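One structure below.
What you see is a predicted model; the values in this text were computed from it and never measured. We count residues from 1, following the sequence as given.
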Amino acid sequence: MAIRANLSVALREIDRDPRGQCLATTEGNVNGLPFDVTVTEYEMHFAFADRAGPSFSVSLNDLARQATTAIELLITGKRPML
């Protein structure tokens, strides 16, 4: 599989639980700090399990928009008109 484009989406710092119905969960680890990833119909939500502080989220709508723009550019050679 070849990488055809890199997407750039905002990583937001948030102070709340995941928004929306939980579709999937997984656990991760960053430098020994465990965190949980929850995917809802709206976002990917990253929360550190054993540390006080903010959580982070990536909007799935923003991700889909960036992917659609990248695909259109690959297919047509032109950026979509906004």
Is it possible for you to say whether V39 and F46 belong to one hydrophobic cluster, with membership spreading through side-chain heavy-atom contacts below 4.5 Å? yes
Please report the closest heavy-atom contact between [X] and [Y], naming both atoms and the distance.
X   : Y   : result
T40 : R19 : OG1-O, 2.7 Å
T38 : T25 : OG1-CG2, 3.9 Å
A70 : L7  : CB-CD2, 3.9 Å
S59 : D62 : OG-N, 3.1 Å
V58 : L11 : CG2-CD1, 3.8 Å
F35 : V30 : CE2-CG2, 3.3 Å

In Å and rounded to the nearest 0.5 Å, what is the [atom1] to [atom2] distance from [X] to [Y]?
X   : Y   : atom1 : atom2 : value
L60 : R65 : CG    : CZ    : 12.0 Å
F56 : M44 : CZ    : CE    : 13.5 Å
F48 : D36 : CZ    : CG    : 10.0 Å
I14 : S55 : CD1   : OG    : 5.5 Å

Can you establish whether the number of heavy atoms outside N6 located under 6.0 Å from its atom CG is more than 12?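 Open: at most 12 neighbouring heavy atoms sit under 6.0 Å from CG of N6.
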NZ/NE/NH1/NH2 to OD/OE distance under 4.0 Å, R16 and E43: yes
Quick check against the 3.5 Å criterion: does E41 have a side-chain atom that pairs as donor or acceptor with the backbone of Q21?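 A pair under 3.5 Å: yes.
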Would you sort out whether V37 and E27 count as a side-chain contact (heavy atoms from CB on, under 4.5 Å), showing the intermediate values? CA-CA 6 Å; V37 179; E27 296 175 353; over 6 Å; no
